[in-house]
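The next block holds one structure in the form of structure tokens; read it before the comments.
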Protein chains: 2
Amino acid sequence: MDALDRQIIAALRANGRATYAELGRQVGLSASAVHERVGKLEGAGVITGYHAVVDPRLVGLGVTALVGIHPSDTGDDDDVAAALARLPEVESCYAVAGDEAFVVKVRVATVDDLERTLGRLRRIDGVARTHTTVVLSTRFESRPNSPEEVAGALLASRAE
Amino acid sequence: MDALDRQIIAALRANGRATYAELGRQVGLSASAVHERVGKLEGAGVITGYHAVVDPRLVGLGVTALVGIHPSDTGDDDDVAAALARLPEVESCYAVAGDEAFVVKVRVATVDDLERTLGRLRRIDGVARTHTTVVLSTRFESRPNSPEEVAGALLASRAE
DNA sequence: ACTGAAAGGGCTGTGCC
DNA sequence: GGCACAGCCCTTTCAGT
């Protein structure tokens, strides 16, 4: 993982369909060299996949909510996580510190669907209670920020 | 937006680097037809981009937190959102219903960095207070669930 | 709106530095 | 590890339906 790898990763985070030739031009390498590096990054699990990003509203999933999952005294976290993974409307699932065991992001079509989904969540074995925060608008999401940028910002913050 | 478009979208959500020829094979269309459809989906804003997904830990961003942003009485939400967007460690930002104005997802290298970031967040004009939930593990994230699957699950739920 | 053809370019393996 | 080359496949455009 050198500076070239990081540049390639940043480029692929910005445009996941960039060709190897294009990436090569950006970082000053031949297409075959980039091809090899990307293959290694994928093999090492650094790059885990490539995904098209879709406007949820335009595919009929206009309602987003963040739901905190309070665990019951009995019940295994891994089992709860597995049950959460079985619900396709649960898009992300984080195990967290604090009163809640998990925070999940849910996407559905309508508030009626949200109500139904919350019912299903509460009925999971090991779930005592949910705490729902409805998303009014997504200002930005999954920004492809390079670690470099983050590091730079944190350095600047340190210097303050 | 017909069934073919939805199939193509689902395929590109699963593999953002799928070739047009490959997509055509999957949905039973020629590569040129797929090419045209994808172009229209991009133009209509249904597909907003393609991104490589990277394991945050392997690029030195091993600490994730969800931070609720409580607004002060004075201060404009849009200004706060703009200030949040300027911090690269803030990966996502949702305006939410409830006590908090926003919930943001933050990724940094260390808990020291997290402390610094929280300081920067609190210093934003219009931010009264933050409430931080540290992520212990990401069970799954940004799963490419097709709206069909979600609709199916919700239908099943309705029938229960 | 899709197909099929054709030209151009990218992909990806091999051999070599 | 990277480059150059080469064969093949894909992309992209365009006429035809």
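Only this structure's heavy atoms are used, side chains among them; waters, hydrogens and symmetry mates stay out.
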Send over the distance from A:Ile8 CD1 to D:dG2 P, rounded to a whole Å. 8 Å
Sub-3.5 Å donor-acceptor pair from the side chain of B:Arg17 to the main-chain atoms of A:Ala18, do we have one? yes
Out of D:dT12, D:dG2, C:dT12, which has the shortest distance to the side chain of B:Ser32? D:dT12
Could you tell me the separation between the NE2 atom of A:His35 and the P atom of D:dA6, rounded to a whole number of Å? 19 Å
Do A:Tyr94 and A:Lys105 pass the side-chain hydrogen bond (donor to acceptor under 3.5 Å, both in side chains) test, and can you show the C-alpha distance, the side-chain angles, and the key distance before you say yes or no? CA-CA 9 Å; A:Tyr94 305 94; A:Lys105 186 167 76 183; over 6 Å; no
When you measure from the side-chain N and O atoms of A:Arg25 to the phosphate of C:dG10, is any distance below 4.0 Å, counting only OP1 and OP2? yes
Rounded to whole Å, how long is the line connecting atom OH of A:Tyr20 with atom P of D:dC3? 16 Å
Rounded to whole angstroms, how far apart are CD on B:Glu22 and C1' on D:dT11? 14 Å
Which nucleotide in D:dC10, C:dT3, D:dT12 has an atom nearest any side-chain atom of B:Ala31: D:dT12
Residues B:Glu89 and B:Arg107 bridged, charged N to O under 4.0 Å: no
With hydrogens left out and only the distance checked, is there a donor-acceptor pair under 3.5 Å joining A:Thr19's side chain and the base of C:dG9? no
Between C1' of D:dC10 and CZ of A:Arg17, the distance in whole Å: 11 Å
Interatomic distance where CD belongs to A:Glu36 and P belongs to C:dG10 [whole Å]: 20 Å
Could you tell me how far apart A:Asp5 (CG) and D:dG2 (P) are, to the nearest whole angstrom? 8 Å
What is the distance, to the nearest angstrom, from the CG atom on A:Leu23 to the P atom on D:dG2? 14 Å
Quick one: does A:Met1's side chain get under 4.5 Å of A:Ile9's, heavy atoms only? yes
